[in-house]
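Structure first, commentary second.
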Amino acid sequence: MKLSAALSLVATTLGALAVTAQECNGYPDLKDLQVPYFCWLSTDYTASDASPSLTSLFVDGVRHVGLQVCLDDEQQLVLCDNKNASFLDVMHEILVFVRDSSYQIVTADLTTGDGVTFASLEAVIDEACEYHADLTLGTKVYEQHACPFIYTQGPFDVEWPSFGELVNYDPFMAAWEGDGEIVGVQSQLILTHKLGPYGDDKPHYFSKRFSRTEEATGQSLHQMCKTPGPVTLQARDLDQVSKIEARLLSDKDGCDLNHASEQALVNMIQVGNEWKDWSGLTALQERINEHNLEVQEGSFRPMEASFQSETTPEHDEL
């Protein structure tokens with residue numbers, strides 16, 4: 001199987017850029033963060049002409065993408081918002097980054113339309129995975145439902161691994177090399193889905209979502225932050241980092257993090273496709289990650305605002 005000309009160009013471009021990404025999604029000092037405690041920068045990927053490519057999103061620091069997958073008129077898996085974008089091409093582009101990067105974790109959350117089964121999704125995933133596994137030194141003969149690039153959290157596994165454990169990152173251990181090349185799988189992809197009930201159509205590659213959202217819980221961000229656990233800060237309607245920070249810390253209808261449950265944490269910031277200030281958002285992500293590590297360790301320290309707030313939060317019980 002050959003990649004399309006467009007994907008071959010992506011592979012060349014992304015392969016050159018991916019190796020420059022710092023370990024553990026840019027935070028090697030926070031390698032002990034468990035997956036749900038990491039603050040993921042997220043956006044929905046539509047493959048439209050107006051939206052950035054997956055390649056540019058990964059280069060900008062995005063490590064979580066939302067994908068809506070549907071069936072087209074020919075019963076092929078495509079993105080719901082762009083029937084010209086095949087799910088196979090999307091998987092290839094994600095796996096180019098995962099294959100060519102060191103110590104990175106990418107997550108993709110799938111929402112599926114009518115008629116889309118786990119069996120059909122995983123047939124495409126296996127097709128893409130086998131192609132990239134064959135190009136990776138040190139991998140075994142490929143087996144169905146055993147993609148070496150995908151980590152799956154078992155349904156009864158309560159505790160997620162840390163970043164360092166998931167990608168075998170140890171700054172004091174030398175990488176296994178062959179003829180001057182890094183050998184073996186260095187990064188991982190996590191696929192999430194709502195899951196269950198699914199009858200006989202059981203998934204092999206999908207893990208349960210690890211962040212609460214307003215849509216899933218029926219609660220506001222403010223209400224979710226009053227109870228323990230990770231939450232998603234949805235900011236698709238915002239265009240400045242200062243406004244996102246306000247929703248995190250000071251808006252009366254926002255999280256009000258410093259007066260939230262001591263075990264509440266924001267582990268995802270979702271922005272719109274038109275977002276531009278990735279460096280500013282990465283700076284906020286860094287501060288949230290430091291806060292989340294303290295929550296993971298059972299301690300709590302208020303997070304200071306870096307922008308002057310024009311609102312004063314009203315503290316209540318809900």
Side-chain angles (χ1 to χ4, degrees), residues 21-22 24-27 30 33-46 51-52 54 56-67 104-109 111 160 163 190 192 209-217 219-251 253-258 260-261 263-296 302-307 309 311 313:
Q22 268 197 304
C24 298
N25 290 11
Y27 299 94
L30 300 179
L33 265 180
Q34 294 176 11
V35 169
Y37 285 84
F38 182 79
C39 181
W40 301 84
L41 301 187
S42 172
T43 192
D44 294 327
Y45 178 63
T46 62
S51 67
L54 278 173
S56 61
L57 289 172
F58 291 147
V59 172
D60 284 332
V62 171
R63 292 294 182 271
H64 182 282
V65 291
L67 303 173
Q104 302 296 302
I105 302 173
V106 175
T107 56
D109 180 70
T111 302
W160 283 77
F163 264 49
I190 299 173
T192 60
R209 291 167 179 161
F210 50 80
S211 186
R212 292 176 291 164
T213 63
E214 296 177 41
E215 294 90 346
T217 63
Q219 295 181 316
S220 68
L221 175 63
H222 192 69
Q223 290 172 319
M224 289 191 295
C225 286
K226 290 298 181 182
T227 57
V231 302
T232 294
L233 193 159
Q234 293 169 334
R236 296 185 183 95
D237 58 323
L238 303 181
D239 59 358
Q240 295 178 19
V241 175
S242 60
K243 295 178 181 178
I244 295 178
E245 184 187 87
R247 184 166 291 178
L248 172 71
L249 296 178
S250 59
D251 281 355
D253 295 324
C255 181
D256 191 12
L257 184 64
N258 291 335
S261 165
Q263 290 300 312
L265 64 142
V266 170
N267 74 340
M268 195 171 298
I269 301 175
Q270 288 184 340
V271 295
N273 288 152
E274 70 282 357
W275 184 265
K276 302 298 183 184
D277 186 13
W278 291 109
S279 60
L281 194 59
T282 299
L284 178 60
Q285 177 195 37
E286 182 176 4
R287 296 169 58 224
I288 294 174
N289 276 333
E290 292 171 352
H291 178 272
N292 290 356
L293 181 61
E294 293 184 350
V295 174
Q296 177 180 297
M303 183 174 168
E304 296 183 3
S306 58
F307 299 94
S309 175
T311 62

Distance check, rounded to the nearest 0.5 Å: [X] atom [atom1] versus [Y] atom [atom2]?
X	Y	atom1	atom2	result
L57	S51	CG	OG	7.5 Å
D109	F210	CG	CZ	8.5 Å
L41	Q270	CG	CD	11.0 Å
H291	L257	NE2	CG	4.5 Å
N25	Q285	CG	CD	8.0 Å
D239	E274	CG	CD	8.5 Å

Between [X] and [Y], which heavy-atom pair has the shortest distance, and what is it?
X	Y	result
V271	W275	CG2-CB, 3.8 Å
Q22	Q104	O-NE2, 2.5 Å
P36	P230	O-CB, 3.9 Å
S306	E245	OG-OE2, 2.6 Å
A260	C255	CB-O, 4.2 Å

Under 3.5 Å, is there a donor-acceptor pair between the side chain of [X] and the main chain of [Y]?
X	Y	result
T227	A264	no
N258	M303	yes
N273	D44	yes
H222	G254	yes
Q296	Y37	no
R212	M224	yes

**OP:** Just do the side-chain contact (heavy atoms from CB on, under 4.5 Å) check on C225 and V231 with the steps written out, would you?
**Re:** CA-CA 7 Å; C225 286; V231 302; 3.9 Å; yes

Original post:
Under the side-chain contact (heavy atoms from CB on, under 4.5 Å) criterion, do V106 and F58 qualify, and how do the steps go?
Top reply: CA-CA 9 Å; V106 175; F58 291 147; 3.9 Å; yes

Subject >> Distance-only side-chain donor-acceptor flag, S211 / T232, under 3.5 Å >> reply: yes

Subject >> Test side-chain contact (heavy atoms from CB on, under 4.5 Å) applied to I269 and L284, T43, L248, the passing residue >> reply: L284

Subject >> Passing option when F38 is tested against I105, L293, N289, L265 for side-chain contact (heavy atoms from CB on, under 4.5 Å) >> reply: N289

Original post:
Taking it one step at a time, do D277 and Q240 satisfy side-chain contact (heavy atoms from CB on, under 4.5 Å)?
Top reply: CA-CA 8 Å; D277 186 13; Q240 295 178 19; over 6 Å; no

For the residue pair [X] and [Y], establish whether any side-chain heavy-atom pair is separated by less than 4.5 Å.
X	Y	result
N292	C39	yes
Q234	T213	yes
I190	H64	no
Q219	K226	no

**OP:** Return yes when atom CD of E304 has more than 12 non-hydrogen atoms of other residues, nucleotides or ligands closer than 6.0 Å, and no otherwise.
**Re:** no

Original post:
Quick one: are the ring centres of F163 and W40 less than 6.0 Å apart?
Top reply: yes

